[in-house]
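Keep in mind the model is a prediction, meaning the values are calculated, not measured.
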Amino acid sequence: MMNTLAGMGLAGRAGLALWLLASRVLNNRLPARWHYRILKTGLFFFLVPVGRVLPLAGRALSALRPAPAAALPAPAPLAPNIPVAVLPQIPGAGPAAPAQPPVPAPEPFAVTAETLRLLAVIWAVGAAGTLAYKAYVYLRLRRRVFRQNRPVSSREAQLVFWACKRQLGVRGLVDLRENPGASSPFAAGLLRPMVVIPAVSLEREEMRYLFLHELTHIKCGDLWVRLAAMLVQAVHWYNPFAYLLCRSVQTVSEQSCDERVACPLSAEERYVYGNVILKLAANAAAGS
């Protein structure tokens with residue numbers, strides 16, 4: 001198991017290194033959605049033991065192939081009847097060379113089974129502790145924030161929300177809630193997604209861009225990507241590269257979402273959208 005974790009860590013670091021190289025070489029010439037895809041590839045390698053899966057897949061494909069027909073054995077060639085002369089041993093040809101003493105081979109480095117079991121126990125305790133802390137944070141969020149969710153009272157906000165869903169092609173059920181304790185809008189929920197907005201007065205155009213941003217997160221599956229990042233932190237809690245990757249995923253996912261929303265807009269609409277993002281960011285910084 002420890003070898004599998006080490007291989008997953010190496011593959012995940014390779015994905016992170018590829019993103020850092022692309023960021024340094026291409027910088028702003030590469031769209032944010034491609035940065036996001038590279039980082040998601042790094043998450044995949046951190047979670048999936050590719051080195052173990054590929055040989056299994058190869059053996060499965062080999063088993064599905066039809067067996068080749070058995071070939072008839074070729075007849076053995078006939079040896080010609082040629083007499084062979086045997087040279088007699090010449091006595092006193094010379095003294096035999098002295099035998100060289102055997103060179104001892106270096107002992108390979110090996111980890112004992114007890115050490116591997118101890119490392120596995122330490123890893124399991126760290127992973128369980130990380131998951132327990134994540135669960136505590138989630139329950140505290142539900143108690144302090146989600147409990148204050150309530151249906152949106154504004155009919156105009158509901159109409160704008162439904163129009164944004166149709167525009168983006170979001171077919172599933174997505175609830176709209178307002179929360180007086182929220183300082184900024186956010187999307188939550190994996191199986192039953194919802195958009196939560198602060199209980200403040202917003203203009204119609206501001207609500208439109210706000211809903212487009214949060215619904216884009218839901219449509220692109222960013223909440224599931226955040227879950228994968230949380231699992232990476234739990235599995236590789238000892239690896240600082242895993243935390244760097246997860247922080248980068250969170251940042252780049254917001255940039256990719258802004259890019260997807262802003263690309264179809266005109267220059268004037270992008271200006272308004274940027275002002276809405278700055279306004280909401282200022283409200284979030286002023287809140288708790």
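- The backbone N or O of V235 lies less than 3.5 Å from a partner atom in the side chain of W123, making a donor-acceptor pair.
- Hydrophobic clustering, with ILVMFWY side chains joined whenever heavy atoms are under 4.5 angstrom apart, keeps Y138 apart from L131.
- Considering every non-hydrogen atom in both L43 and A229, the closest pair reads CD2-CA, 4.0 Å.
- Q148 contributes no side-chain N or O that, together with a main-chain N or O of P180, makes up a donor-acceptor pair within less than 3.5 Å.
- Counting all heavy atoms, side chain and backbone alike, A22 lies closest to I38 at CB-CD1, 4.3 Å.
- Both F45 and V48 belong to a single network of hydrophobic side chains, linked directly or stepwise wherever heavy atoms of I, L, V, M, F, W or Y lie under 4.5 Å apart.
- The 12-atom threshold is not exceeded at CZ of R147, counting heavy atoms of other residues, nucleotides or ligands nearer than 6.0 Å.
- Using a 30° and 60° split on the angle between ring planes, W19 and H35 fall in the perpendicular class, above 60°.
- Proximity of M8 to T4: side-chain heavy atoms (C-beta onward) are separated by under 4.5 Å at one or more points.
- The structure places CG of L30 at 10.0 Å from CZ of R37, a figure rounded to the nearest 0.5 Å.
- Between E254 and H217 the shortest side-chain heavy-atom distance falls below 4.5 Å.
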So L26 and W34, side chain to side chain contact (heavy atoms under 4.5 Å, CB included) or not? Walk me through it. CA-CA 11 Å; L26 300 176; W34 282 102; over 6 Å; no

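- In terms of heavy-atom proximity, P198 sits nearest to P185 at CD-N, 3.7 Å.
- In summary, the side chains of Y273 and E269 do not present any donor paired with an acceptor at a separation below 3.5 Å, with no hydrogens or angles considered.
- Pairing each heavy atom of L5 with each of H236, the nearest pair is O-CE1, 3.9 Å.
- Heavy-atom minimum distance, V152 versus Q158: O-NE2, 2.8 Å.
- Judged by distance alone, the side chains of R226 and S253 do bring a donor and an acceptor atom under 3.5 Å apart.
- Closest non-hydrogen pair, P151 versus E178, comes out as O-OE2, 3.8 Å.
- No more than 12 heavy atoms of other residues, nucleotides or ligands shown are found within 6.0 angstrom of CD on E203.
- Here the straight-line distance linking atom CG of L231 with atom NZ of K134 works out to 10.0 Å at 0.5 Å rounding.
- Side-chain atoms of E214 come within 3.5 Å of backbone atoms of A187 as a donor-acceptor pair (strictly under, hydrogens ignored).
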Step by step, work out the side chain to side chain contact (heavy atoms under 4.5 Å, CB included) result for F211 and L176. CA-CA 10 Å; F211 294 149; L176 178 61; 3.7 Å; yes

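- Atoms CG and CG, from L210 and L215 in turn, are 9.0 Å apart once rounded to the nearest 0.5 Å.
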For residues 240-251, please give each side-chain donor-acceptor pair under 3.5 Å, one per line with the distance, not counting sequence neighbours.
from: Y243; atom 1: OH; to: W237; atom 2: O; distance (Å): 3.1
from: S248; atom 1: OG; to: L244; atom 2: O; distance (Å): 2.8
from: T251; atom 1: OG1; to: R247; atom 2: O; distance (Å): 3.2

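- Side chain of R270 to backbone of L265: a donor-acceptor contact under 3.5 angstrom is found.
- No chain of hydrophobic side-chain contacts below 4.5 Å, direct or via other Ile, Leu, Val, Met, Phe, Trp or Tyr residues, connects F186 to I197.
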Please output the side-chain donor-acceptor pairs of residues 161-175 that fall under 3.5 Å, not counting sequence neighbours, one pair per line with the distance.
from: K165; atom 1: NZ; to: G172; atom 2: O; distance (Å): 3.1

If you apply the rule side chain to side chain contact (heavy atoms under 4.5 Å, CB included), what do you find for V195 with R177, and how did you get there? CA-CA 6 Å; V195 174; R177 295 288 184 267; over 6 Å; no

Derivation and outcome, side chain to side chain contact (heavy atoms under 4.5 Å, CB included), residues M207 and E156: CA-CA 9 Å; M207 287 189 296; E156 182 181 13; 4.2 Å; yes

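- How far NZ of K279 is from CG of N275: 10.0 Å, rounded to the nearest 0.5 Å.
- Looking at H213 and D258, their side chains come closer than 4.5 Å, going by heavy atoms from C-beta outward.
- Note on L118 and Y238: same hydrophobic cluster, where clusters join Ile, Leu, Val, Met, Phe, Trp and Tyr whose side-chain heavy atoms are under 4.5 Å apart, directly or indirectly.
- Formation of a donor-acceptor pair under 3.5 Å by the R29 side chain with backbone atoms of V25 is found in this model.
- Taken to the nearest 0.5 Å, the OG1 atom of T216 stands 9.0 Å off from the CG atom of D222.
- Ring-plane geometry between Y136 and Y133 is classed as tilted, the angle between the planes lying from 30 to 60 degrees on a 0 to 90 degree scale.
- In this structure, F46 is a member of the same hydrophobic cluster as L21, with clusters built from ILVMFWY side-chain heavy atoms closer than 4.5 Å.
- Here the OH-CZ distance, from Y36 to R260, works out to 9.0 Å after rounding to the nearest 0.5 Å.
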